Chemist: 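So that we are looking at the same thing, I have put the structure below in structure tokens.
Keep in mind that the numbers below use all heavy atoms, side chains included, and drop hydrogens, waters and symmetry copies. From a predicted model like this one, the values you see are computed outputs, not experimental measurements.
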Amino acid sequence: AKLIGVLFLIGALALVTNYWWLSTIFTILGITLLTGFSGTEIDPVSKTFREYNSFLLIRGGDTKKYNEVEKVYINQAKMSQKIYTAHTTSSSTFQSVHFNAYIKFDDGRKVFLTSRKNKGRLIEILNPLVAALSVDLMDNTASG
């Protein structure tokens, strides 16, 4: 989505002199796509959480109540991406490991929190949440 946003902005620059109205539309679309992201907010005081999507820094999503947090945990996932070269028919496959963080509530609901390539950085990000919720961070990955 970010790449498409950049392409819209480049297209807007190319069209600005001849088609200002189309350039304006492309600029709005490009900025909207560039500012888009999703996330999860957790409020341990009111025991609510919200999975949201954000565009133009405006967050939208339903707030839901929870009773207790069972755990916050990290899983490991292998990602692979096949990239084809522009001038040949060959391709290369790149593999990487990502660490995904989830929260599990006592009613069985599991919610994705965030993901990082660096597990140490992910743990740093999760530590304030784990402290606020008074739960342990469980590491389900093979590498310690």
Side-chain angles (χ1 to χ4, degrees), residues 1-16 19 22-144:
K2 305 278 186 208
L3 176 63
I4 295 170
V6 169
L7 292 175
F8 271 124
L9 290 176
I10 291 170
L13 286 174
L15 296 172
V16 72
Y19 301 98
L22 191 56
S23 177
T24 303
I25 293 170
F26 278 15
T27 300
I28 292 168
L29 287 172
I31 291 172
T32 301
L33 289 174
L34 283 175
T35 61
F37 64 96
S38 62
T40 305
E41 293 177 332
I42 299 170
D43 184 355
V45 175
S46 64
K47 292 194 172 189
T48 59
F49 74 98
R50 176 172 75 150
E51 294 178 278
Y52 64 85
N53 291 314
S54 173
F55 293 99
L56 299 174
L57 305 177
I58 300 169
R59 295 178 178 182
D62 294 332
T63 301
K64 299 173 186 167
K65 286 244 179 228
Y66 68 87
N67 188 31
E68 293 295 326
V69 173
E70 188 175 304
K71 63 182 174 179
V72 175
Y73 61 97
I74 300 172
N75 286 347
Q76 181 175 317
K78 290 184 181 178
M79 308 290 261
S80 64
Q81 182 177 18
K82 186 178 272 193
I83 298 178
Y84 293 92
T85 58
H87 300 290
T88 65
T89 58
S90 64
S91 66
S92 297
T93 301
F94 298 95
Q95 293 185 343
S96 63
V97 174
H98 286 255
F99 298 96
N100 301 322
Y102 299 88
I103 187 169
K104 183 177 180 185
F105 300 103
D106 62 346
D107 62 1
R109 284 184 290 188
K110 298 173 190 169
V111 176
F112 173 77
L113 294 174
T114 188
S115 177
R116 295 287 186 279
K117 287 184 180 181
N118 182 309
K119 184 167 72 169
R121 179 68 185 126
L122 179 61
I123 291 171
E124 287 176 20
I125 292 168
L126 293 174
N127 277 336
L129 174 65
V130 170
L133 294 172
S134 300
V135 295
D136 292 328
L137 177 60
M138 298 184 65
D139 185 355
N140 298 330
T141 64
S143 59

Chemist: Can a donor-acceptor pair be found, under 3.5 Å and without considering hydrogens, that links the side chain of D136 to the backbone of M138?
Modeler: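 No; judged by distance alone, with no hydrogens or angles, the pair does not exist.
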Chemist: Which residues pass the side-chain hydrogen bond (donor to acceptor under 3.5 Å, both in side chains) test with S46, sequence neighbours left out?
Modeler: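 With neighbours one apart ignored, the set is D43, T48.
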Chemist: Tell me whether T32 contacts the main-chain N or O of I28 through its side chain, where contact means a donor paired with an acceptor under 3.5 Å.
Modeler: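 Confirmed, T32 side chain pairs with I28 backbone.
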Chemist: Go through the structure and list residues passing side-chain hydrogen bond (donor to acceptor under 3.5 Å, both in side chains) with S38, not counting sequence neighbours.
Modeler: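 Residues passing side-chain hydrogen bond (donor to acceptor under 3.5 Å, both in side chains) with S38: none at all.
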Chemist: Check ring-ring contact (aromatic ring centres under 6.0 Å, His included) between Y102 and all other residues, then give those that pass, not counting sequence neighbours.
Modeler: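 Once residues adjacent in sequence are excluded, the partners of Y102 under the ring-ring contact (aromatic ring centres under 6.0 Å, His included) criterion are Y73, F112.
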Chemist: Throw together a table of side-chain donor-acceptor distances under 3.5 angstrom for residues 56-64, partners on residues two or more places apart or in other chains.
Modeler:
residue: R59; atom: NH1; partner: E41; partner atom: OE2; Å: 2.5

Chemist: Who pairs with D107 by side-chain hydrogen bond (donor to acceptor under 3.5 Å, both in side chains), at least two apart in sequence or on another chain?
Modeler: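 R109.
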Chemist: Listed by chain and number, what are the side-chain hydrogen bond (donor to acceptor under 3.5 Å, both in side chains) partners of K117, not counting sequence neighbours?
Modeler: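 By the side-chain hydrogen bond (donor to acceptor under 3.5 Å, both in side chains) rule, K117 matches no residue at all.
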Chemist: For residues 123-130, please give each side-chain donor-acceptor pair under 3.5 Å, one per line with the distance, not counting sequence neighbours.
Modeler:
residue: E124; atom: OE1; partner: R121; partner atom: NH1; Å: 3.2
residue: N127; atom: ND2; partner: I123; partner atom: O; Å: 3.3

Chemist: For atom OH of Y19, is the number of surrounding heavy atoms from other residues, nucleotides or ligands below 6.0 Å larger than 12?
Modeler: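 No, OH of Y19 has 12 or fewer neighbouring heavy atoms, counting only those of other groups under 6.0 Å.
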Chemist: Could you work out, with ring-ring contact (aromatic ring centres under 6.0 Å, His included) as the rule, every residue matching F26, not counting sequence neighbours?
Modeler: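 Listed in chain order: F8.
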Chemist: Please name all residues satisfying side-chain contact (heavy atoms from CB on, under 4.5 Å) with V111, sequence neighbours left out, ordered by chain then number.
Modeler: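 Once residues adjacent in sequence are excluded, the partners of V111 under the side-chain contact (heavy atoms from CB on, under 4.5 Å) criterion are T40, F49, E51, I103, F105.
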Chemist: Quick one: which residue pairs count as a salt bridge (charged side-chain N to carboxylate O under 4.0 Å, His left out) with a foot in residues 95-106, not counting sequence neighbours?
Modeler: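 Checked against salt bridge (charged side-chain N to carboxylate O under 4.0 Å, His left out) - neighbours excluded - the pairs reaching residues 95-106 are E70-K104.
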Chemist: Only counting residues at least two apart or in another chain, list the ones meeting salt bridge (charged side-chain N to carboxylate O under 4.0 Å, His left out) with K47.
Modeler: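 Partners of K47 by the salt bridge (charged side-chain N to carboxylate O under 4.0 Å, His left out) criterion, ordered by chain and then number, come out as E68.
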